[in-house]
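To start, the structure under review is shown below, and the notes come after it.
Each chain gets a letter, A, B and so on, in the order the sequences are listed, and its residues count up from 1. Hydrogens, waters and symmetry mates play no part in the numbers below; they use all other heavy atoms, side chains included.
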There are 2 protein chains.
Amino acid sequence: MALPASAKPLRSDAERTVRAILEAAERVLSANPAAPMEQIAEAAGVARTTVHRRFASREALIAALAAWATQRFHDAVEAARPDTTPPAVALYQVTANVLHVKIGWRYAMGALPTDSPEVARVHAAVLAQCERLFTRLRDAGLLRPDTDLDWARRVYYALIHEAAAESPDTDAAVDALATRVVDTLLRGIGVLAGR
Amino acid sequence: MALPASAKPLRSDAERTVRAILEAAERVLSANPAAPMEQIAEAAGVARTTVHRRFASREALIAALAAWATQRFHDAVEAARPDTTPPAVALYQVTANVLHVKIGWRYAMGALPTDSPEVARVHAAVLAQCERLFTRLRDAGLLRPDTDLDWARRVYYALIHEAAAESPDTDAAVDALATRVVDTLLRGIGVLAGR
DNA sequence: TGAACTTGCAACACTGATGTTGCATGTTCT
DNA sequence: AGAACATGCAACATCAGTGTTGCAAGTTCA
């Protein structure tokens, strides 16, 4: 009996509570994915029953959290206009934007095995976007012509994931990380001379 | 009251049971980390009480599983003789060996937040081994002189992790994966010409 | 101001997982 | 063969987490 994020307009009051719960859930669950609802409520500064009023079940809460983070993820990718800016620029911009989201919503972005309709749809969209970007990169001569685009994408995701583990605090640090990710992705860590 | 792997010699009988439980735990938990002991017992073909006889608690079982996988991990690295073979050969060989272990013990290698004394010790040893190997690679002129060795190591781990997601079935497929990992690590996915 | 809504609190029911014990039946190993 | 050990089974005790309800007190908002 909770609102799946689309029912009736909430009172400003309740809206703040929902946000507080989602943010608390992110913090608590990223530290311990098996943490009980009690801890989440406590971290949000509300009673446990209030959490249950807003989210019918633990499952529903996690689904809402995933949906929320997924939206941020999507926005981060779109904000880079990856279809229209030069591919190298887009690659960098997407990386920096996504790093921001991954750092702030670590749990929600990691525990994504949510099979909700919208989340899956958004992820598919981002994946397609990513593939288009890599194709453009290859066509622009930035990737080797024989590049396995699926492997490339997975390596890219993995590098972002690894970089996000650093939890930088300033924007400049995030930019530095993005630079490092892009550099490593394109050049690896080996010496420059190709064999 | 279970045997932490070092108490009294088990009867051949019981030894097989322990192995069966560990292997079943790996299978079941890799599919669902929150799976109840019942499921593990069932998958191992034993009664739930037998699992509890061998492993005092769920925690103890997971710790034993981590210890077991960690040992395999260590063996995989050592078998490549990374201190004495040429660094490029060692890199490839370690990669292939570790891929084997990561593929067979996915859960155990992933859920390593076990703070047992021995597991931590072995991991530190492997980490040191890895750092030595990367230093040798750099000194051999295979890595750029200004390489951040910590980042290099983390990228390497991440690539192995990603590659292990493919679950190849033949040894040849594992070799192909290892080749891909090493290639991506050293050259990235960009075009050959250095800027 | 007052209707509608939100929250905290306390109490309760329910469920599923964990861990234990005793005993009868097998199995290992010497 | 026979002591020692292993296992399955059934039964039990606990416990933590989940989800519910009713009510009194506080908040929003028109």
Between B/Arg138 and B/Phe134, is NZ or CZ placed under 6.0 angstrom from the six-membered ring centre and within 45° of the ring axis?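 No, a cation-pi geometry is absent between B/Arg138 and B/Phe134.
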Starting at [atom1] of [X] and ending at [atom2] of [N], how long is that distance when rounded to a whole Å?
X       : N      : atom1 : atom2 : result
B/Glu15 : D/dC5  : CD    : P     : 15 Å
A/His52 : D/dT18 : NE2   : C1'   : 5 Å
B/Ile62 : C/dG19 : CD1   : P     : 10 Å
A/Leu10 : D/dC29 : CG    : P     : 11 Å
A/Asp13 : D/dA30 : CG    : P     : 13 Å
B/Glu42 : D/dC9  : CD    : P     : 12 Å
B/Glu38 : C/dT18 : CD    : P     : 9 Å
B/Met37 : C/dT20 : CE    : P     : 10 Å

Kindly indicate whether the side chain of A/Arg53 and the base of C/dG8 share any N or O donor-acceptor pair separated by less than 3.5 Å?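 Result: at least one qualifying N/O pair found.
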For the side chain of A/Arg48 and the base of D/dG19, is some donor closer than 3.5 Å to an acceptor across the two?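 Present.
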Which sits closer to the 5' end of DNA chain D, A/Ala35 or B/Gly45, going by the nucleotide each is nearest to?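 It is B/Gly45 whose nearest nucleotide is closer to the 5' end.
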Is any side-chain N or O of [X] closer than 4.0 Å to OP1 or OP2 of [N]?
X       : N      : result
A/Arg54 : C/dT7  : yes
B/Ser12 : C/dC29 : yes
A/Arg58 : D/dT18 : yes
B/Thr50 : D/dG8  : yes

On DNA chain C, check which nucleotide each of B/Pro36 and A/Ala47 is closest to and give me the residue with the more 5' one.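 Mapping each residue to its closest nucleotide by heavy atoms, the 5'-most match is A/Ala47.
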Given D/dG17, C/dT6, C/dT27, the nucleotide with the shortest approach to the side chain of B/Arg11: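 For the B/Arg11 side chain, the nearest candidate turns out to be C/dT27.
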Distance-only side-chain donor-acceptor flag, B/Ser30 / B/Trp105, under 3.5 Å: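 No donor-acceptor contact under 3.5 Å links the two side chains.
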How about A/Gln129 and A/Glu78: does a side-chain donor come under 3.5 Å of a side-chain acceptor?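 Result is yes, a qualifying pair exists.
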Does B/Thr17 reach a base, just sugar-phosphate, or nothing at all? Heavy atoms under 4.0 Å.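 Touches sugar-phosphate only.
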For the atom pair CZ (B/Arg154) and CG (A/Leu159), what is the distance rounded to the nearest 0.5 Å?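 Nearest 0.5 Å value for the CZ-CG distance: 10.5 Å.
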Single hit among B/Val46, B/Leu10, B/Leu61, B/Leu22 for side-chain contact (heavy atoms from CB on, under 4.5 Å) with B/Arg54: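 It is B/Leu10; the other options fail the test.
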